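Only a predicted model underlies this, so the values are computations on that prediction, with no experimental measurement involved. The analysis underlying the following values was restricted to heavy atoms, covering all of them including side chains, and did not include hydrogens, waters or symmetry mates. Reminder, nothing fancy here: chain letters follow the sequence lines and each chain counts from 1.
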Amino acid sequence: DTGVSQNPRHKITKRGQNVTFRCDPISEHNRLYWYRQTLGQGPEFLTYFQNEAQLEKSRLLSDRFSAERPKGSFSTLEIQRTEQGDSAMYLCASSFGSGGGYFGPGTRLTVL
Amino acid sequence: DQQVKQNSPSLSVQEGRISILNCDYTNSMFDYFLWYKKYPAEGPTFLISISSIKDKNEDGRFTVFLNKSAKHLSLHIVPSQPGDSAVYFCAVNYGQNFVFGPGTRLSVLP
């Protein structure tokens, strides 16, 4: 399967802990996006990479959030000192050029 | 302040009939529009798109209509099938990212 993969699929953590999610995009895709989705809402943009460069970050992305894409391939999203409000589905998408993105299955984060 | 609105949270349609999902947007500068479908426990799947130079795009059972003057687009599914039951998101291209509406849950009844 050559789609977008995300790991882990589910993460339960205690408030104050750090968590890291991984996204492996479709191999030839140069663009990678992170989104967050909460119940009853559509995905909300968090950040965007073109190759290894992080070109745009949403104001939703507080200082506790950091994303990397060190070699222009996979990406990681880290949340430090998690809060209950961080509980959401974290979605990764990739694309080649400016077309619509192909989404991964998401990582569901629950902060207790 | 939602830039993309889907005012119907849910829609039920009989199998074989037409499903019409609606989406309104606020910024006349948006120039590329997409529809995604999402099943439970999966990420959204790209369905169909349209650029602002067109007013209609068709792909099999799916047709998207764009009314730029009204800042409105719609997705028509005909004939509707039970496998079409999912949440449908309208999205617009905004800079380097995409802004999504809140979604409409479509239920196609057999």
Side-chain angles (χ1 to χ4, degrees), chain A residues 1 3-10 21 23-26 29-51 53-61 67 69 88-108 110, chain B residues 1-10 21-27 30-54 57 59 62 64 66 73 75 86-106:
Chain A
D1 182 42
V4 179
S5 62
Q6 292 187 246
N7 289 289
R9 293 292 306 275
H10 304 273
F21 310 140
C23 170
D24 287 89
I26 294 172
H29 285 184
N30 59 344
R31 296 188 177 196
L32 188 146
Y33 305 82
W34 283 99
Y35 288 85
R36 180 173 68 188
Q37 184 179 17
T38 53
L39 197 62
Q41 299 297 318
E44 294 177 293
F45 170 77
L46 292 178
T47 190
Y48 151 68
F49 291 85
Q50 180 151 323
N51 301 313
Q54 188 174 19
L55 296 186
E56 190 168 341
K57 292 194 293 186
S58 165
R59 57 184 168 81
L60 293 175
L61 211 66
R69 194 183 184 197
M89 175 75 82
Y90 289 84
L91 293 162
C92 174
S94 70
S95 70
F96 185 78
S98 57
Y102 292 82
F103 281 83
T107 295
R108 181 168 295 283
T110 301
Chain B
D1 183 22
Q2 283 189 333
Q3 298 185 73
V4 180
K5 301 176 184 178
Q6 294 177 258
N7 292 322
S8 298
S10 62
L21 298 110
N22 294 303
C23 176
D24 297 287
Y25 58 95
T26 57
N27 191 335
F30 292 150
D31 60 3
Y32 188 63
F33 307 87
L34 310 92
W35 284 94
Y36 281 83
K37 177 172 71 174
K38 185 182 183 304
Y39 294 120
E42 295 182 11
T45 302
F46 170 72
L47 202 54
I48 191 169
S49 64
I50 188 168
S51 75
S52 59
I53 62 172
K54 301 177 75 172
N57 189 25
D59 184 2
F62 302 91
V64 55
L66 176 63
L73 67 157
L75 175 67
V87 177
Y88 288 79
F89 293 102
C90 167
V92 302
N93 184 216
Y94 184 66
Q96 301 292 350
N97 71 76
F98 296 86
V99 179
F100 286 78
T104 296
R105 180 177 300 279
L106 174 66

Kindly compute the distance separating OH (B:Tyr36) from CZ (A:Phe103), expressed to the nearest 0.5 Å.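 B:Tyr36 OH to A:Phe103 CZ: 5.0 Å, rounded to 0.5 Å.
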Nearest 0.5 angstrom please: B:Phe46 CZ to A:Ser95 OG, how far?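 The OG atom of A:Ser95 is 11.0 Å from CZ of B:Phe46, to the nearest 0.5 Å.
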For chain A, the option from B:Ser49, B:Ala91, B:Gly43, B:Pro44 that forms the most heavy-atom pairs under 4.5 Å: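 Result: the option with the highest number of such pairs is B:Pro44.
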Quick one: of B:Val4, B:Val87, B:Asn97, who has the most non-hydrogen atom pairs under 4.5 Å with chain A?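 Most pairs with chain A among the choices: B:Asn97.
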Does A:Tyr102, at its OH atom, have more than 12 non-hydrogen atoms belonging to other residues, nucleotides or ligands within less than 6.0 Å?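 Check fails, neighbour count at 12 or below.
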[X] versus chain B, heavy atoms under 4.5 Å apart: side chain, backbone, both or neither?
X       : answer
A:Gln41 : both
A:Arg9  : side chain
A:Gln50 : neither

If you look at every heavy atom in A:Gly42 and B:Phe89, which pair is closest and at what distance?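 Between these two residues, the closest heavy atoms are CA-CE2, 3.4 Å.
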Identify the heavy atoms of A:Tyr35 and B:Phe100 that sit nearest to each other, and give their distance.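 Smallest interatomic distance, heavy atoms only, reads CE2-CE1, 3.7 Å.
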Which of the residues A:Glu56, A:Met89, A:Gln6, A:Arg108 is involved in the greatest number of heavy-atom pairs with chain B at under 4.5 angstrom?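 Most heavy-atom pairs within the cutoff with chain B belong to A:Glu56.
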